[in-house]
Trainee: 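Handing you a structure now.
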Amino acid sequence: MNTYKRHRFPPDIISYAVWLYFRFNLSHRDIEDLLAERGITVSREAIRLWCIKFGTIYTRRLKRKHRGYGDAFYIDEVFVKINGKQHYLWRAVDQDGEVVDVYLQGKRDGAAAKRFFKRLLWSHGAEPRKIVTDKLRSYGVAHRELIPETIHSTEQYENNRAEQSHEATRVRERGMRKFKSVRQAQRFLGAHAAVQNLFNLGRHLVRAKHYRDLRISAFAEWSRVVT
């Protein structure tokens with residue numbers, strides 16, 4: 001409970017507000033109203049500070065307790081404009097749609113690709129069996145120098161899984177009226193990915209009862225993380 005020391009509101013309220021922010025496309029003002037409807041008066045600035053502090057803490061705990069990723073990584077990068085300057089958001093997901101890592105960089109050359117691949121190897125703890133990318137030459141450089149034994153596929157349409165994974169980020173980016181800084185974006189995207197992984201239950205792939213059981217397990221894991 002030292003995590004919440006010197007905070008006026010109880011842990012249940014703080015963790016609920018943080019969960020709402022990273023789980024749904026809600027602003028701090030939206031969460032302020034939702035809490036007010038329940039008789040909880042808290043400012044949006046307090047909620048913003050909770051999301052910054054506890055989002056980082058919860059993300060670290062979720063990653064530490066993560067059950068592990070698959071052996072095939074689908075990697076892609078998209079343009080993100082921050083304060084008028086173009087950046088590149090690198091993302092890798094496994095064959096189950098779990099986000100392995102997200103990383104904002106200013107370039108997408110060979111050096112940037114190698115930095116991202118090193119992060120992936122550290123996150124995964126081992127070399128993946130296969131990676132799937134587009135035909136950007138930077139991926140080939142990183143593959144040859146870091147994981148030459150890994151299968152590297154650049155087949156058309158095979159990387160749709162990674163491309164579709166960016167959609168949730170784009171939705172949040174629009175809702176937030178763009179990211180304000182690289183640091184803020186990286187912090188948010190890391191927490192958003194960790195929460196997304198926990199509640200990535202594949203509702204359209206399983207029966208309703210099985211989905212409810214998975215959801216109960218996800219909430220139980222979340223409860224352990226925030227206490």
Side-chain angles (χ1 to χ4, degrees), residues 2-7 14-32 42-66 69 73 75-93 98-124 136 138 142 162 165-199 222 225-226:
N2 289 335
T3 304
Y4 302 96
K5 188 176 181 181
R6 296 180 180 175
H7 283 271
I14 295 174
S15 61
Y16 181 63
V18 175
W19 177 74
L20 285 174
Y21 183 67
F22 290 110
R23 180 70 179 92
F24 304 103
N25 187 21
L26 298 172
S27 68
H28 299 123
R29 291 182 184 273
D30 293 333
I31 298 171
E32 178 184 358
V42 56
S43 70
R44 64 182 179 86
E45 178 62 15
I47 295 171
R48 186 183 72 85
L49 294 175
W50 291 349
C51 292
I52 292 174
K53 176 180 178 179
F54 293 102
T56 302
I57 294 173
Y58 298 162
T59 300
R60 186 166 57 246
R61 293 175 180 176
L62 284 170
K63 289 183 176 180
R64 190 164 57 236
K65 295 176 179 294
H66 194 272
Y69 302 103
F73 291 173
I75 306 172
D76 189 45
E77 82 290 336
V78 293
F79 303 104
V80 176
K81 186 164 286 189
I82 301 175
N83 290 331
K85 185 177 179 181
Q86 185 168 280
H87 294 76
Y88 300 91
L89 175 60
W90 300 69
R91 181 189 303 269
V93 300
E98 296 268 301
V99 180
V100 184
D101 197 11
V102 288
Y103 190 39
L104 267 172
Q105 300 192 80
K107 298 182 178 180
R108 57 171 183 168
D109 55 12
K114 286 192 288 185
R115 280 193 295 270
F116 185 58
F117 274 43
K118 288 177 181 178
R119 285 174 60 98
L120 289 179
L121 294 174
W122 179 83
S123 299
H124 188 53
L136 181 68
S138 301
S165 181
H166 288 297
E167 293 179 3
T169 297
R170 290 302 194 194
V171 170
R172 292 307 304 267
E173 183 184 14
R174 288 193 295 270
M176 298 167 72
R177 298 181 182 178
K178 297 187 177 181
F179 298 119
K180 306 304 184 292
S181 69
V182 173
R183 182 180 179 184
Q184 176 255 348
Q186 184 67 55
R187 182 177 59 234
F188 170 81
L189 292 170
H192 182 258
V195 174
Q196 180 183 355
N197 284 345
L198 180 60
F199 292 94
W222 175 257
V225 164
V226 302

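Throughout, numbering of the chain's residues begins at 1 and tracks the sequence. Because only heavy atoms are used, hydrogens play no part in the values below, and waters and symmetry mates are left out as well, while side chains stay in.
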Trainee: Within the structure provided, determine whether Arg61 and Thr3 are in side-chain contact (heavy-atom separation under 4.5 Å).
Mentor: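 The answer is yes, as the side chains (C-beta and beyond) meet within the 4.5 Å cut-off.
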Trainee: If the threshold is 4.0 Å, N to carboxylate O, is there a salt bridge linking Glu32 and Arg29?
Mentor: no
Trainee: Side-chain contact test, heavy atoms from C-beta onward, threshold under 4.5 Å: evaluate it for Leu120 versus Ile75 and give yes or no.
Mentor: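 When only atoms from C-beta onward are counted, Ile75 and Leu120 do touch, with a gap below 4.5 Å.
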Trainee: Return the minimal non-hydrogen interatomic distance between Ala112 and Trp90, and the atom names on each side.
Mentor: CB-CZ2, 3.8 Å
Trainee: How far apart are the C-alpha atoms of Arg170 and Glu167, what are their side-chain angles, what is the distance that settles it, and do they pass the salt bridge (Lys or Arg N to Asp or Glu O under 4.0 Å) test?
Mentor: CA-CA 5 Å; Arg170 290 302 194 194; Glu167 293 179 3; over 6 Å; no
Trainee: Under 6.0 Å between ring centres: does that hold for Phe73 and His124?
Mentor: yes
Trainee: Is the side chain of Asn197 donor-acceptor paired with the backbone N or O of Val99 at a distance under 3.5 Å, no angle test?
Mentor: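 Between the backbone of Val99 and the side chain of Asn197 there is a qualifying donor-acceptor contact (under 3.5 Å).
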Trainee: For Lys63, does its backbone N or O pair with a side-chain atom of Lys65 as donor and acceptor, under 3.5 Å?
Mentor: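 Absent.
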Trainee: Say you draw a straight line from CG of Leu62 to CH2 of Trp222; how long is it, rounded to the nearest 0.5 Å?
Mentor: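 Interatomic distance, Leu62 CG to Trp222 CH2, rounded to 0.5 Å: 6.0 Å.
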Trainee: If you round to the nearest 0.5 Å, how far is OH of Tyr4 from CD1 of Ile57?
Mentor: 7.5 Å
Trainee: What closest approach, in Å, do Ala113 and Ser138 show between heavy atoms, and which atom pair accounts for it?
Mentor: CB-O, 3.4 Å
Trainee: Let me confirm one number: the CZ-CZ distance from Arg91 to Phe116, rounded to the nearest 0.5 Å.
Mentor: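 Here the rounded value is 9.0 Å.
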Trainee: If you look at every heavy atom in Gln184 and Lys180, which pair is closest and at what distance?
Mentor: OE1-N, 2.9 Å
Trainee: Taking C-beta and beyond as the side chain, do Asp30 and Phe24 meet within less than 4.5 Å on heavy atoms?
Mentor: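 Contact flag for Asp30/Phe24 side chains = no.
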Trainee: Within the 4.5 Å heavy-atom criterion, are Arg108 and Phe79 side-chain neighbours or not?
Mentor: yes
Trainee: Using the rule given for side chain to side chain contact (heavy atoms under 4.5 Å, CB included), can you reason through Leu104 versus Ile82, listing the C-alpha separation, both sets of side-chain angles and the distance that settles it, and then say yes or no?
Mentor: CA-CA 11 Å; Leu104 267 172; Ile82 301 175; 4.0 Å; yes
Trainee: Side chain to side chain contact (heavy atoms under 4.5 Å, CB included) between Leu136 and Glu77: does it pass, once the steps are laid out?
Mentor: CA-CA 10 Å; Leu136 181 68; Glu77 82 290 336; 4.0 Å; yes
Trainee: Looking at Lys107, I'd like to know if its NZ atom is crowded, meaning that more than 12 non-hydrogen atoms belonging to other residues, nucleotides or ligands lie closer than 6.0 Å.
Mentor: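 Atom NZ in Lys107 is not crowded, with 12 or fewer foreign heavy atoms closer than 6.0 Å.
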Trainee: Can you tell me how far CD1 of Ile31 sits from CH2 of Trp50, rounded to the nearest 0.5 angstrom?
Mentor: 10.0 Å
Trainee: Quick check with a 6.0 Å cut-off and a 45 degree axis cone: is Arg172 positioned over the face of Tyr21's six-membered ring?
Mentor: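 Judged by the rule (NZ or CZ under 6.0 Å from the ring centre, within 45° of its axis), Arg172 counts as positioned above Tyr21.
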Trainee: Would the distance check show the side chain of Asp76 and the main-chain N or O of Ala92 forming a donor-acceptor pair, the cut-off being under 3.5 Å?
Mentor: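 No; judged by distance alone, with no hydrogens or angles, the pair does not exist.
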Trainee: Taking the six-membered ring for Trp and the full ring for Phe, Tyr or His, determine whether the centres of Phe188 and Phe22 are under 6.0 Å apart.
Mentor: yes
Trainee: In terms of heavy-atom contacts, does NZ of Lys81 have more than 12 from other residues, nucleotides or ligands at under 6.0 Å?
Mentor: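 No, the 6.0 Å shell around NZ holds no more than 12 heavy atoms from other groups.
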Trainee: Which atom names give the shortest non-hydrogen contact between Tyr69 and Ser123, and what distance separates them?
Mentor: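 Looking at all heavy atoms of both residues, the closest pair is CE1-O, 4.4 Å.
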Trainee: If every non-hydrogen atom of Val93 is compared with every non-hydrogen atom of Ser165, which pair is closest and at what distance?
Mentor: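 Shortest heavy-atom separation between Val93 and Ser165 comes out as CG1-OG, 3.4 Å.
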Trainee: Measuring from Gln186:CD to His87:NE2, what's the distance to the nearest 0.5 Å?
Mentor: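 Spacing of CD (Gln186) from NE2 (His87) equals 11.0 Å.
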Trainee: Measure the shortest side-chain to side-chain distance between Thr169 and Val102 over non-hydrogen atoms and say whether it is less than 4.5 angstrom.
Mentor: no
Trainee: Between atom NZ of Lys114 and atom CG of Leu121, what is the distance when rounded to the nearest 0.5 Å?
Mentor: 13.0 Å
